[in-house]
Number of protein chains: 2
Amino acid sequence: MPVVTVTGSVGSAGGGKGRRERLRAETTAEIKKVALALMASGGPDAITLRAIAREMGMTANAIYGYFPARDDLVTTLINDVYTALADAVDAAWEAAPVTDPAARIEAWANAFRTWALVNPQGFRLIYGDPVPGYQAPEGGPAPDAARRVCTGLTALAAAAWPHTQHLYEGSTFDWSDFDPGLLDKVRPAFPDLPPAAVALALRMWGHLHGLVSLEVYGHLRTQTTSPQKLFLEELGQLIKMLGIPRGR
Amino acid sequence: MPVVTVTGSVGSAGGGKGRRERLRAETTAEIKKVALALMASGGPDAITLRAIAREMGMTANAIYGYFPARDDLVTTLINDVYTALADAVDAAWEAAPVTDPAARIEAWANAFRTWALVNPQGFRLIYGDPVPGYQAPEGGPAPDAARRVCTGLTALAAAAWPHTQHLYEGSTFDWSDFDPGLLDKVRPAFPDLPPAAVALALRMWGHLHGLVSLEVYGHLRTQTTSPQKLFLEELGQLIKMLGIPRGR
DNA sequence: GCAGTTACTTCACACCGTATAGTTTTCGCA
DNA sequence: TGCGAAAACTATACGGTGTGAAGTAACTGC
C-alpha cells in the first residue's frame, strides 16, 4: 500500500545546483521522511524536533537551519500528506470508467476511506488537531491539496448533476457563497454547473468526511461492529439519492 | 448561551458528609472549572496541571490528590463536556413538537451545530485529538454521553422510519452489526425498529458530524463563505431524503 | 590561501507530567 | 482536651518539549 512519499526525494541527481544545495535538499528530505515515520508509528504527537534529530544523529537545533520553526515543518508535512491523499483519490477516480459516474463516486469514496484507514495518523494530521501547539498559517496549511479534493468532489457532483438537479430546484445558492479560489478552479472546468452543484459537492464531502472521521477517531467502534458495511450503505444511498442510473 | 457547567457544583450545601469531604468536592469542582476555562480560552492544549495549579494558587502536584493522573482529569472533562452537549441536543429535541418529526430533526441538528460553534474547543476535546499525549480509557472516555447522542439520533430515525423504510428494502443489516450496549438502550425504546434504522441513525450522525467538524476545524472556511447556508441545505435535503411530509 | 558563508553544537531558559520525600493542617476518638 | 493518624499540600528532582544566543568547524568562491 503506497503510503506517503516525500517530495523532492533523496535521489542522487540534484539539478546540478552544486553539492551544497544537493546536500541541503537531501537533509531536508530526510527530516521529512523521519518525521513521517515518527508520525506513522506514534501519531502526530511524536513529531518532535528532538526525536527527529535523535533519529538522524543530530542536535535538535540543527533542524532550525532547514525550517524556521517546528510549525513550519508541520505545515510542510501536512502539505505532503494532504497531497498524497489527493493523489490517491484522484488516481482511483481516474481509474474508474468515465461512462459510469456511480463507479467513479464509489472509487473516489472508497479510496478516501481506505487511505484514511491505512494512514490514520496522516488523517489526524490533516483534519484534526495535529501536534500540540500547532497554529496553521493563514489560508490553511495545504490550500492546494484541499482545493484538489474539493475540485475532485465537484467533478463527481458535476457528473451526477443531470440526474440530481431536480432536487435543487428553487435553490438559493449563489456564486458569492463560495470562495473565489475554489471557483477559479471549478468554473472553468465545468462551465455549465450552477452554484447549487458546488454545494452538493461540499455536502458529499461532509457525508464522507463525517463517517470516516468518526471511524478513524474510534467513535464508531463503540456503536457498530462493521463500519465498512455502514460506509458501503452510505455509498449506496448516496448514489440512489443522486439518482444516477446504475450499470454501465 | 449556556456553556459547560461543572457537575457537583461549588454550591455550599454538600450532602452533610462532613467538612473534609465538602472541601474536597469543592476543590475538585474548582479544578474542573479552571480547566474548562483554560480550555475555552486556549484550546484543549492549554489544559495543563501546572496552569491549573497556577490559577488556583497551588502546586501542580496538589492536583494528584484529586486525580491520579492528567489523563483522568481529561477523561472527566470529556465526560462533563460531552454530557453538556447531549443535554443541549436532548433539550432542543424535546422542545420541538412530537407531532412534527422534521422540526425535531432540525432542532436536534441545529442545536448540535450551534453548541459546536459556541464551544469549538469542547468539540475538539470530545471528537478530536484532545491534549498532547492523551490516551482514552477502554470503551471510550464518555460512553454514556456518546450513547445518549446515538440514542437521540435513533429516536429521530425512528420517527422518520415509516416514511423512510422503503429506501432500505433488501437491507442486509443485522442486529449483530451493532454494539450490544447501544442496542440495550435502543431496542427497548423502539421495539419495532429494524437494524437498518439504526444504520440510518449512524449515517445521519456521520452527515451532521462531517459538516460541523469540517466547519469547526476551519476546513470549510476556505471553500464557502456561508457554512450556515450549507448546513441548512443539508438539513432540508436530509428531511426530503427521509420522505417526511412537512408542515405540522 | 584566505575570507565568508553555511552547518552544526553547546548552553540556556521556560514549559510540561510526574515520582519521591517531607511538611503542615485537620479530623476522630479516648 | 490532647494525641495519633490521615489527609492536603509543598519542595525537589528527572526527563521530556520548543527555541534563542553564542561559539566552532567545515566547505566554497575568489
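The sequence lines fix the lettering, A, B, ..., with proteins before strands; numbering per chain opens at 1.
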**Complete:** Between A:Thr225 and B:Phe178 the two heavy atoms that sit nearest each other are OG1-N, 3.9 Å

**Prompt:** Between C:dT6 atom C1' and A:Glu26 atom CD, what is the distance in whole Å?
**Reply:** 16 Å

**Request:** Could you work out which one of C:dA7, C:dT9, D:dT17 sits closest to the side chain of A:Thr59?
**Result:** C:dT9

**Item:** Rounded distance in Å - CG (A:Leu49) to P (D:dG15)
**Value:** 21 Å

**Complete:** Residues passing the side chain to side chain donor-acceptor pair (under 3.5 Å) test with A:Ser41, sequence neighbours excluded, are none

**Asked** Is any side-chain nitrogen or oxygen of A:Arg70 closer than 4.0 Å to OP1 or OP2 of D:dT17?
**Response** no

**Message:** Does B:Lys185 have more than 12 heavy atoms from other residues, nucleotides or ligands lying within 6.0 Å of its NZ?
**Reply:** no

**Fill in**
Which of D:dT19, C:dT18, C:dC15 is nearest the side chain of B:Tyr64? It is C:dT18

**Message:** Measuring from atom CG of B:Leu117 to atom CH2 of B:Trp115, what distance do you get when rounded to the nearest 0.5 angstrom?
**Reply:** 10.5 Å

**Asked** Relative to the 5' end of DNA chain C, which residue comes earlier, B:Asp71 or A:Gly57, by the nucleotide with the nearest heavy atom?
**Response** A:Gly57

**Request:** Give the rounded distance in Å between these two atoms: CG of B:Leu73 and P of C:dT18.
**Result:** 10 Å

**Prompt:** Roughly, in whole Å, what's the span from CD in A:Gln135 to P in D:dG18?
**Reply:** 16 Å

**Message:** What is the distance, to the nearest angstrom, from the CE atom on B:Met58 to the C1' atom on D:dA7?
**Reply:** 14 Å

**Prompt:** Between D:dT19, D:dA8, C:dG17, which nucleotide gets closest to the side-chain atoms of A:Ala69?
**Reply:** D:dT19

**Asked** What are the two closest non-hydrogen atoms of A:Ala40 and A:Gln121, and how far apart are they?
**Response** O-CG, 3.9 Å

**Complete:** Rounded to whole Å, CD1 of B:Ile63 lies from P of C:dC16 at a distance of 11 Å

**Nearest-Å distance for atom pair CZ/P, residues B:Phe67 and C:dG17** = 14 Å

**Complete:** Taken to the nearest whole Å, CZ/A:Arg54 to P/D:dG18 is 9 Å

**Message:** Quick test of your reading: applying ring-ring contact (aromatic ring centres under 6.0 Å, His included), list the pairs with at least one residue in residues 39-72 of chain B, sequence neighbours left out, ordered by first then second residue.
**Reply:** none

**Request:** Please work out if A:Tyr66 contacts a base, only the sugar-phosphate, or nothing of the nucleic acid, heavy-atom cut-off 4.0 Å.
**Result:** sugar-phosphate

Atom pairs and distances, side-chain donor-acceptor, residues 128-151 of chain B, under 3.5 Å, sequence neighbours left out:
from, atom 1, to, atom 2, distance (Å)
B:Asp129, OD1, A:Arg124, NE, 3.0
B:Asp129, OD1, A:Arg124, NH2, 2.8
B:Asp129, OD2, A:Arg124, NE, 3.4
B:Tyr134, OH, B:Thr75, OG1, 2.6
B:Arg147, NE, A:Gln223, OE1, 3.3
B:Arg147, NH2, A:Thr222, O, 2.5
B:Arg147, NH2, B:Asp179, OD2, 3.1
B:Arg148, NE, B:Asp90, OD2, 3.4
B:Arg148, NH1, B:Asp87, OD1, 3.0
B:Arg148, NH2, B:Asp87, OD1, 2.8
B:Arg148, NH2, B:Asp90, OD2, 3.0
B:Thr151, OG1, B:Arg147, O, 2.6

Side-chain atoms of residues 47-59 of chain B: list all donor-acceptor pairs with protein atoms under 3.5 Å, sequence neighbours left out, distances to 0.1 Å.
from, atom 1, to, atom 2, distance (Å)
B:Thr48, OG1, B:Ala51, N, 3.0

**Request:** Could you run through nucleotides 23-30 of chain D and give me one letter per nucleotide, 5' to 3': B if any protein heavy atom sits under 4.0 Å from the base, S if only the sugar-phosphate is that close, - if neither?
**Result:** ----BS--

**Message:** Quick check: closest heavy atoms across A:Tyr217 and A:Tyr127, and the distance to 0.1 Å?
**Reply:** OH-C, 4.5 Å

**Request:** Could you tell me whether the phosphate oxygens of C:dA7, OP1 or OP2, come under 4.0 Å of any side-chain nitrogen or oxygen in A:Arg24?
**Result:** yes

Could you list the protein-to-nucleotides 12-14 of chain C atom pairs, N/O on both sides, closer than 3.5 Å?
none

**Any donor-acceptor pair under 3.5 Å from A:Thr114 side chain to A:Asn110 backbone** = yes

